[in-house]
Structure formats: C-alpha cells, structure tokens
Amino acid sequence: MSVRTRFAPSPTGYLHIGGVRTALFNWLFARRHGGRFILRIDDTDRERNVEAALRPILDGFRWLGIDWDEGPEVGGPYAPYYQSQRTERYRAAVRELLDRGLAYRDYATTDETTAEREAAQREKRRFIYSRRWMAETDADAARFEGEGRTAVVRLKMPRESACRFEDAVRGPVAFDWALEQDHVIQRADGSHLYHLASAVDDHDFAISHVIRAEEHLSNTPRQIFIADGFGYELPRYAHLPYVAAPGGSEKLSKRKLGKYLTQVDFKKVFDHGAEIMASLGREVVPETFNPVLVEFYREVGYRPDALVNYLLLLGWSLDDRTEDFTRDEMVEHFSLQRVNRSAASFDPQKMMAFEERRMNALPVDRKVEAVSPYLVRLGLLGAEPTAAERARIEAVAVAAGDRIKVAGDIVRYAEFFQDDAGFPYDEKAFRKRIGAPDAADRLRRFRPVLETVEPFDAATLDAALQRFVEAEGIRIGQIIHALRVAVTGKGVGFGLFEALEILGRAACLARIDRALAAVDAGPGAD
RNA sequence: GUCCCCAUCGUCCAGAGGCCUAGGAUCCAGCCCUUUCAAGGCUGAGACACGGGUUCGAAUCCCGUUGGGGACGCCA
C-alpha cells in the first residue's frame, strides 16, 4: 500500500504553530515511506477570499520547506483539492447514505434541538437526538414540509455496541456508539459539513494515514461510520497530542497572546521580535505578529530549520539525547511509534536555543544572505549590494558572531552602515562613558594614535591602545568604553577593535570628532 | 454535566520490572574567561502527583483518588 498523508488547513489567513507540527508529522511520515503528502483545503464553511486567506498558509509551508505533492497550485490526479469545489461529490454521497438508510432527513428546528440539548444537560446525560422529526419516508417528509419545516440530513448512528479502532499513537480506542450524536452532514441550505467531506475526501484522495491532532479523536467514530457505510477501507488513524500553551496545559491558541505575554519566557521572545520590528519601523499587530504563528518567526528572521527541528521534538523523540536533526535525518528516523501521548507545551525559549545553534552553524555567506534584507528594509542597502557592501556585511556578521541570533538582529549593528554624521547615540551610554570626567580628554589624546597607526586593523589597534593606556597610566576601561560609544553610539557591541577596523580610519576619526564636538556643545546636545 | 484522553525536573524529552543513589536538553544560580554585550568552560539547584495492590524487586504492570486536558455545533 502506498503511503498518502494529508494536512487539511481551513483558509483562516494564518499558519498556527500547532498546525505546522501536525503538517510536519504528516510530511515526515510520507517522506519516510516514499509516499505523497497532500494539502487539502477545508473551505466548506467560507465562500470568499479563500485565495487571500490561503496565501499566508501556503507561503508559510514553503518557507518551512514543507512541500506538498498534491493540492493547491500544484494540482494532482485527484483535483480539485478544495472542498468548496467538490459539492457535487458530497451531494451524491449524502444521497447514497440516505438510500442505504444510514442517514435521514431531519425536520427539527434549531430551537427544538436546542431544547433537547438543554434538557439532556439538565438531566446530566449526554444529548442524543430523539429523532422526533426524523423523516424516513417521503410521506413523513411531505407532512413536515407541510408544516413549513425544512430538512437537514443527519447520520443515523448505531445505538448499540462500540466503535473500536487501533490508533497508531494511542493504541486501541473504543467509543460507545450509543453515546454518539446523529451528526448533521448536510445543512438546510444544502451545503455540507466537515465530517462528511472529510471522510469522503480521505477515501477519494486515497489517504492511507490520517495523522491529525488529538481533538479529532472523538470525531473519529462518526467518520468511521460514514466510511464503513460506503464500504471504504479505513485509513490508519494517528492522533497527535495537541500543542499546549507556554507554561500551561490548555491548547495553544492564537487568541490568548495577552495571557502568554504574562509569562516571562514567552514575553522575552516576543519582545526581542518586537524590538526588531520597531527598528524597522514596522507596526506590530497581534493578528500576525504573534509567536503562536509562523509569520512571527519569518518576519523576525528565524531559520525555518530551527522552527521545524524544535517542532519535531514537541511530542516526538529519537532517543534520550539527539536533538539536532538535518531534514534528511528527520525523514530517516521519523516514526509514529515514538510519538508521545501527552500534550507538550510550547516553550519559546527552547525554540530560541535551536535558533541560536542553527544560526551559529550557518556559513558566513548564508548569514550575509539572511541578514541583508533587513538592511535593505532599513534603507541602508540597495536591492543589489556592491561587493564592498557585501564585504562589510560579512565583516560585521563575523565580528558579531553569535550575537546575531535571528537574522533581524543585524538591525542592532545599523551604525556600521549609517552615515558618520547621522548614526544615533545612545544618550544614556553617551552621558555615562563620554560624559565621564576626563573621558573626552583621553579620547582627544588618543585621536592622533588613530591617525597614524598602520595598518589599521584590529590587532594593531589593540596593541596601539595598550601602549596608549600604559603611557597614560590608566586602566583600559577608562578609555575603551568612551571610544566604543564615540564610534558606534552604543555602550555594548562586539569587539571594539574589530569595530574600528570595519569602520576604517576616516570614519573613526570623523565619529570621534563628532562626539567631542557634542561634548563641547554641552549636555543635551546631539 | 456526559464521554474520552493524559500524568517523570519550571519546560521539552529518555526510561517499555532490576542497567535509576532517574539520563539529556532548555531555563535558572554561582564561579572562570573578559573592554561592554554575547558566547564558551566548570559547578550547582531542580522530577517519578497521591494511595492501594501485583512482584523477590515498580518511574515502569493493575485498581482507585487527585489534578490537568480534549470532545460534546446546521465550526473546521
């Protein structure tokens, strides 16, 4: 049997981390077994803007390197893959279920079913529809219609025995049929519901393994009922534990951003991203800028492989120590047997740890490539950087080293790409370091050294400063901080001598002069 | 409320009866390194929810309790 898995997003306009994890496991399983991964669009419930609402989802998957063999934009032998385009098929399926006596027309009004549901609630029993307005014959139907009622179609679920199946993750599962609802599969307006569509599509698309989130576990009996009704061979089911909220155990939800932000770890990651966005002058809207959504990581410049690697380990493991996987290794080792049964809470800090490792391991040229778009967005770099510009980006990237954790962190080193007269000073650092007693004078005395030192490279500069410090009889800390603030505008940064070398002699001198002029102009100036 | 599921360090995982005085990662703390910030090195703190069984022996099996969660739609 050939392996075919699917992920079925509904076009909501965003790609949720939990969804990605589910999709990833489907993708890995298909790749592991030389099968196909299918993207099916569950858009039975919405009409318009499907394309627009799908865009971020498809883009997100592409960014993550999760490609699909069949589905939107790539087509496939079972097209169309949009449920909204398959209504004829569903209509026929409903007709057949009706003919086989596995479904019935139901003429209850919404108020009537609601009343029954509430009564059941009061009596502390599970709500099972009474079938009072069930029409199994045309005569019944005509009578109800005479009363001005309209019909929905419900599944006529068994009222005895149990639905048993073997779940690849959870083992043997059993549900009492008598506790199953007569689910509606066709609305009064003739449109179809998810369970019908899903069961039919899984068969039509020849899905071999339905790997989905745990919240669908209790939906499984009704889908099995439908599939069995048609005599379809059942797919193998695998219900994944859901991804839980940071520091909590309820399902991760995009809407609870505010709550998650009260969690320090989560907030740290969010703030880090928000800071980068602020530097870029981009407004941060929770609709998309939210660590629960893939969009966040893409915007801020995480490595897609880091996200994928982290998500892989959320509910799955190979052994007691392997954590870093290449894509090929993931595919090679993935198995449903090693999927966990309990919910795993999303930990953005650990996610960041994977990101740091990936970013560190990235070859310089790839790092330059990753980082450049942010400089372009800052307006500090043209779309086609010159060789000199590339060289400078590379020098900064190398000097910054692991301080660049996400690609967007390059904005912290904007001063290397800004004009000598225009880059900003951190006021607090300026006051503390250059405003310190004698700091400006020392800078002034050190300036000639910078003018003459040859060559103008980090090692030589280092030695020259050492000599200066000895001659002055001061500690290195008494000049180095002032120098850093003068040339970079900041109190923190990577190695000072590297910074000087990258800027070059002319820029260093110009920047020191500017800082000294600011001091002379008095407090508050520049 | 009903049904179902889950239960090892704060978090993610390892553990499928003796290898466990419970291992790794992350986070946290301290120290070292150091011109700042990172990183790195070293050290440390930190868990088998509880109660009964079964067994020579239980984190591992069974039952119960407690706790957490999911599903109960003319949503997907």
Side-chain angles (χ1 to χ4, degrees), chain A residues 8-12 42-46 83 106 108-110 113-114 117 120-128 150-154 170 173-176 178-181 183-189 191-195 197-198 213-220 239 241-242 244 246-251 263-265 268 310 313-324 338 340-354 356 360 400-405 409 412 429 433 462 465 469 475-481 483-485 488 490-497:
Chain A
S10 54
T12 51
D42 282 13
D43 56 349
T44 53
D45 196 35
R46 31 208 116 212
Q83 292 191 326
D106 178 52
T109 63
T110 317
T113 47
T114 304
R117 188 172 286 119
Q121 183 75 257
R122 273 195 305 278
E123 290 161 33
K124 301 185 178 184
R125 55 179 175 80
R126 170 165 269 224
F127 163 58
I128 300 296
T150 50
V152 298
V153 177
R154 284 182 186 274
R170 330 203 73 90
V173 185
F175 289 91
D176 203 342
L179 263 15
E180 286 294 315
Q181 189 51 250
H183 304 280
V184 173
I185 52 173
Q186 187 174 90
R187 298 187 184 91
D189 68 3
S191 62
H192 303 95
L193 262 30
Y194 169 74
H195 299 294
S198 192
E214 187 192 4
E215 65 239 44
H216 289 283
L217 184 60
S218 51
N219 302 159
T220 308
H239 288 91
Y242 58 89
S249 51
E250 77 261 27
K251 208 165 68 174
Q263 231 242 350
V264 279
D265 291 350
K268 224 179 266 181
Y310 172 67
L313 265 7
L314 212 50
W316 181 89
S317 66
L318 175 63
D319 53 32
D320 64 338
R321 55 201 62 226
T322 315
E323 291 219 321
D324 292 323
R338 291 202 61 88
N340 239 98
R341 264 180 299 277
S342 50
S345 91
F346 179 69
D347 180 356
Q349 284 263 59
K350 181 135 188 177
M351 156 81 231
M352 183 53 107
F354 279 90
E356 287 187 39
N360 265 331
D402 48 39
R403 291 167 186 82
I404 294 178
K405 301 186 190 308
D409 281 333
R412 293 180 175 166
R433 299 305 191 183
D462 191 344
L465 186 73
V469 161
R475 280 171 292 110
I476 195 161
Q478 290 174 283
I479 171 114
I480 204 161
H481 301 296
L483 196 49
R484 177 189 299 283
V485 175
T488 68
K490 291 171 185 159
V492 298
F494 52 73
L496 177 66
F497 304 109

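Chain A is the first sequence line, chain B the second, and so forth, proteins listed ahead of strands; every chain is numbered from 1. Predicted, not measured: the structure shown is a model, and the values here were computed from it.
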- Task: For the residue pair A:His216 and A:Tyr194, establish whether any side-chain heavy-atom pair is separated by less than 4.5 Å.
- Result: yes
Any side-chain heavy-atom pair from A:Leu217 and A:Arg170 closer than 4.5 angstrom? yes
Nearest to the side chain of [X], heavy atoms from C-beta on, is which of [options]?
| X | options | answer |
| --- | --- | --- |
| A:Phe127 | B:rC4, B:rG73, B:rA71 | B:rG73 |
| A:Val152 | B:rC74, B:rA76, B:rA39 | B:rC74 |
| A:Arg338 | B:rG70, B:rG15, B:rU2 | B:rG15 |
| A:Val492 | B:rC37, B:rC5, B:rC74 | B:rC37 |

For [N], take OP1 and OP2 only and decide whether either is under 4.0 Å from a side-chain N or O of [X].
| X | N | value |
| --- | --- | --- |
| A:Arg117 | B:rG73 | yes |
| A:Arg126 | B:rC4 | no |
| A:Ser191 | B:rC74 | no |
| A:Asn340 | B:rA14 | yes |
| A:Ser345 | B:rU11 | no |

Partner nucleotide of [N] by Watson-Crick or wobble geometry (both distances under 3.5 Å):
| N | value |
| --- | --- |
| B:rC3 | B:rG70 |
| B:rC9 | none |
| B:rU36 | none |
| B:rU54 | none |

Between the base of [N] and the side chain of [X], is there any donor-acceptor pair under 3.5 Å?
| X | N | value |
| --- | --- | --- |
| A:Arg403 | B:rC37 | yes |
| A:His216 | B:rA71 | no |
| A:Arg484 | B:rU35 | yes |

Would you indicate what [X] reaches in the nucleic acid, counting non-hydrogen atoms under 4.0 angstrom: base, sugar-phosphate, or nothing?
| X | value |
| --- | --- |
| A:Gly477 | nothing |
| A:Arg412 | nothing |
| A:His195 | base |
| A:His239 | nothing |
| A:Gly315 | sugar-phosphate |
| A:Phe346 | nothing |

Rounded to whole angstrom, note down the [atom1] distance from [N] over to [M].
| N | M | atom1 | answer |
| --- | --- | --- | --- |
| B:rC42 | B:rA49 | P | 31 Å |
| B:rG68 | B:rC31 | P | 40 Å |
| B:rC13 | B:rC6 | C1' | 16 Å |
| B:rA58 | B:rG53 | C1' | 12 Å |
| B:rG15 | B:rG23 | C1' | 8 Å |
| B:rG10 | B:rC48 | P | 9 Å |
| B:rU8 | B:rG24 | C1' | 13 Å |
| B:rA22 | B:rA59 | P | 11 Å |

Worked verdict on A:Gln83 versus A:Thr44 for side chain to side chain contact (heavy atoms under 4.5 Å, CB included)
CA-CA 6 Å; A:Gln83 292 191 326; A:Thr44 53; 3.3 Å; yes
Got a donor-acceptor contact below 3.5 angstrom from the [X] side chain to the [Y] backbone?
| X | Y | result |
| --- | --- | --- |
| A:Tyr310 | A:Ala353 | no |
| A:Arg338 | A:Leu318 | yes |
| A:Gln181 | A:Phe127 | yes |
| A:Arg403 | A:Ala400 | yes |
| A:Ser191 | A:Arg187 | no |
| A:Arg126 | A:Leu179 | yes |

Between NZ of A:Lys268 and P of B:rU11 the distance, given in whole Å, is 16 Å
To the nearest angstrom, the CD1-P distance between A:Ile128 and B:rC3 comes to 12 Å
Between the protein and nucleotides 40-43 of chain B, list the N/O to N/O atom pairs that are separated by less than 3.5 angstrom.
none

Each nucleotide of nucleotides 20-26 of chain B classed B (base within 4.0 Å of a protein heavy atom), S (only sugar-phosphate) or -, in 5' to 3' order, makes ---BBBS
_Could you tell me if A:His239 and A:Thr220 have a donor-acceptor pair between their side chains, going purely by distance under 3.5 Å?_
yes
**Report entry** Full working for side-chain hydrogen bond (donor to acceptor under 3.5 Å, both in side chains) between A:Arg484 and A:Thr488
**Finding:** CA-CA 6 Å; A:Arg484 177 189 299 283; A:Thr488 68; 5.5 Å; no
